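Heads up: the structure comes next, in structure tokens.
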Protein chains: 2
Amino acid sequence: MNIGQAAEHTGLSAKTIRYYEDIDLVTPARRRDNGYRDYVERDIHMLRFVARARDLGFSVEDCRVLLALYDDKGRKSADVKEIALRRVADIDEKIEALKGMRATLAHLAEKCHGDDRPDCPILDEFAEGGSERI
Amino acid sequence: MNIGQAAEHTGLSAKTIRYYEDIDLVTPARRRDNGYRDYVERDIHMLRFVARARDLGFSVEDCRVLLALYDDKGRKSADVKEIALRRVADIDEKIEALKGMRATLAHLAEKCHGDDRPDCPILDEFAEGGSERI
DNA sequence: ATAAGGCTTCCAGTTACTGGAAGGTCAAGG
DNA sequence: CCTTGACCTTCCAGTAACTGGAAGCCTTAT
């Protein structure tokens with residue numbers, strides 16, 4: 001399977017797949033006589049594994065650890081769980097912060113006339129600088 | 001106020017403040033005779049605004065737009081309102097995406113034994129059900 | 001006078017790709 | 001057989017948004 005097909009099967013771009021090989025995140029694909037990379041089922045699995053983890057917000061370095069753990073017969077599921085739970089906590093924090101920003105912006109937008117008059121409570125609040133919220 | 005104090009007041013690093021000046025995101029601070037940057041209230045508020053927006057996932061380019069509107073005396077409050085409302089929609093989207101991610105991770109972590117046993121549903125899920133070795 | 005720490009600039013590195021140039025390969029059509 | 005276009009290859013650069021470090025000047029305190 002060429003890199004193009006591998007890309008289709010994994011949802012990654014060919015560029016990204018080459019990049020992952022380049023940084024030794026995944027084991028290099030076999031080469032055919034013409035120099036083309038040749039992907040087999042196992043390669044696709046590994047790439048999909050990475051694609052999914054990345055999609056869930058794991059860093060490439062996290063993926064490196066996860067792949068090592070997955071490949072390691074003696075790995076502890078506790079290690080993996082800890083990584084996942086740390087990500088959950090990160091996400092919770094981010095969600096809370098976004099909710100705060102959303103409330104501020106929605107509130108200001110509501111107070112804003114939305115006409116052509118130049119005064120705007122959103123920017124006024126910034127100009128006055130009295131508030132830590134925009 | 002030196003850049004160090006400005007950093008403390010805004011939660012940004014001195015490096016970051018210089019960087020923001022470098023890319024013309026904020027107006028350059030006045031220089032004192034010794035060449036040191038001198039920050040006044042207005043600078044601090046501008047930096048805080050940027051810091052908060054950046055913290056919540058707004059790009060530097062987003063910040064540039066908001067700051068430009070602030071500087072433009074002829075701006076229409078409708079413009080600002082529109083940007084604010086678009087950001088609110090962006091934030092809602094982001095929150096939803098994060099919630100989805102959180103749900104998946106939390107679910108997987110819950111199913112994970114978290115002991116030393118080698119089988120781990122998180123990794124199994126990443127591999128998309130395959131018990132096959134990667 | 002000297003040491004510690006803050007300030008300056010500039011250059012390089014980071015993360016995770018992405019784009020593009022220059023060129024080799026392959027299958028189909030004329 | 002030749003061409004066309006879609007692949008593939010490598011390598012070099014650039015992106016966002018900083019961050020680290022070197023070299024050197026400035027300030028403050030002892």
Side-chain angles (χ1 to χ4, degrees), chain A residues 1-40 43-44 46-67 83 86-87 90 94 97, chain B residues 1-40 43-44 46-67 87 90 94 97 101 126:
Chain A
M1 191 188 296
N2 279 354
I3 198 169
Q5 270 80 49
E8 262 176 45
H9 278 80
T10 58
L12 298 167
S13 71
K15 280 273 193 193
T16 301
I17 294 174
R18 285 193 205 97
Y19 170 72
Y20 285 164
E21 184 181 309
D22 211 51
I23 62 170
D24 290 318
L25 176 61
V26 298
T27 55
R30 256 188 308 281
R31 296 303 180 107
R32 290 202 249 117
D33 287 348
N34 60 10
Y36 284 21
R37 289 174 181 81
D38 188 13
Y39 293 87
V40 295
D43 299 317
I44 301 301
M46 203 187 316
L47 287 169
R48 270 223 276 251
F49 182 101
V50 173
R52 177 137 172 76
R54 290 284 304 124
D55 215 44
L56 286 170
F58 289 87
S59 72
V60 164
E61 287 315 305
D62 283 340
C63 292
R64 214 183 284 280
V65 173
L66 288 170
L67 283 174
I83 292 177
R86 201 171 62 230
R87 288 287 314 152
D90 288 350
K94 196 141 211 160
Chain B
M1 191 189 297
N2 280 354
I3 198 168
Q5 272 79 50
E8 263 175 44
H9 277 79
T10 58
L12 298 167
S13 71
K15 280 271 192 194
T16 300
I17 294 174
R18 285 193 205 96
Y19 170 72
Y20 285 164
E21 185 180 310
D22 212 51
I23 61 171
D24 292 317
L25 175 60
V26 298
T27 54
R30 201 175 54 85
R31 296 301 181 109
R32 290 202 250 116
D33 288 347
N34 60 10
Y36 284 20
R37 289 173 180 81
D38 188 14
Y39 293 88
V40 295
D43 299 318
I44 300 301
M46 204 186 313
L47 287 169
R48 267 223 279 252
F49 174 85
V50 174
R52 177 156 164 76
R54 288 288 304 122
D55 204 45
L56 296 171
F58 289 85
S59 73
V60 165
E61 289 314 306
D62 284 339
C63 295
R64 208 185 287 279
V65 171
L66 288 168
L67 288 172
R87 295 309 164 208
D90 287 352
K94 202 154 208 158
M101 229 160 74
F126 284 163

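Since this is a predicted model, take the numbers as computed values, not measurements. Chain identifiers are assigned alphabetically (A, B, ...) following the order of the sequence lines, protein sequences preceding nucleic acid strands; residue numbering begins at 1 within each chain.
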[atom1] of [X] versus [atom2] of [N]: gap in Å, rounded?
| X | N | atom1 | atom2 | answer |
| --- | --- | --- | --- | --- |
| M1(A) | dC8(D) | CE | P | 12 Å |
| D33(A) | dT25(C) | CG | C1' | 13 Å |
| I23(B) | dC10(C) | CD1 | P | 16 Å |
| I17(B) | dT19(D) | CD1 | C1' | 14 Å |
| L25(B) | dA16(D) | CG | C1' | 13 Å |
| Y19(A) | dA13(D) | OH | C1' | 15 Å |
| L47(A) | dC17(C) | CG | C1' | 15 Å |
| D22(B) | dG20(D) | CG | P | 17 Å |

Kindly give the heavy-atom pair with the smallest separation between [X] and [Y], and that separation in Å.
| X | Y | result |
| --- | --- | --- |
| M1(B) | H9(B) | SD-ND1, 4.0 Å |
| A14(B) | I3(B) | O-CD1, 3.6 Å |
| A7(B) | S13(B) | CB-C, 4.1 Å |

Measure from the side-chain heavy atoms of [X] and tell me the nearest of [options].
| X | options | answer |
| --- | --- | --- |
| R18(A) | dC17(C), dT9(D), dG6(C) | dT9(D) |
| Y36(A) | dC18(D), dC8(D), dT27(D) | dC8(D) |
| N2(B) | dC18(D), dC7(C), dC17(C) | dC7(C) |
| I3(B) | dT10(D), dT8(C), dT25(C) | dT8(C) |

Has [X] got a side-chain N or O lying under 4.0 Å from the OP1 or OP2 atom of [N]?
| X | N | result |
| --- | --- | --- |
| S13(A) | dT18(C) | yes |
| Y20(A) | dA16(C) | no |
| R37(B) | dC7(C) | no |
| R64(A) | dT15(C) | no |

Looking at E21(B) and R18(B), is there a salt bridge between them, counting it only when a charged N and a carboxylate O are closer than 4.0 Å?
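No, R18(B) and E21(B) are not salt-bridged.
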Could you tell me whether D38(B) and R32(B) have a side-chain N and a carboxylate O separated by less than 4.0 Å?
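Yes, this pair counts.
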If you pin D38(B) and R54(A) to their nearest nucleotides in DNA chain C, which one's is more 5'?
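Final value for this comparison: D38(B).
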Mind checking if R31(B) touches a base, just sugar-phosphate, or nothing, with heavy atoms under 4.0 Å?
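Result for R31(B) = sugar-phosphate.
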Between N34(A) and T16(B), which is nearer to the 5' end of DNA chain D once each is assigned its nearest nucleotide?
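In this pair, the answer is N34(A).
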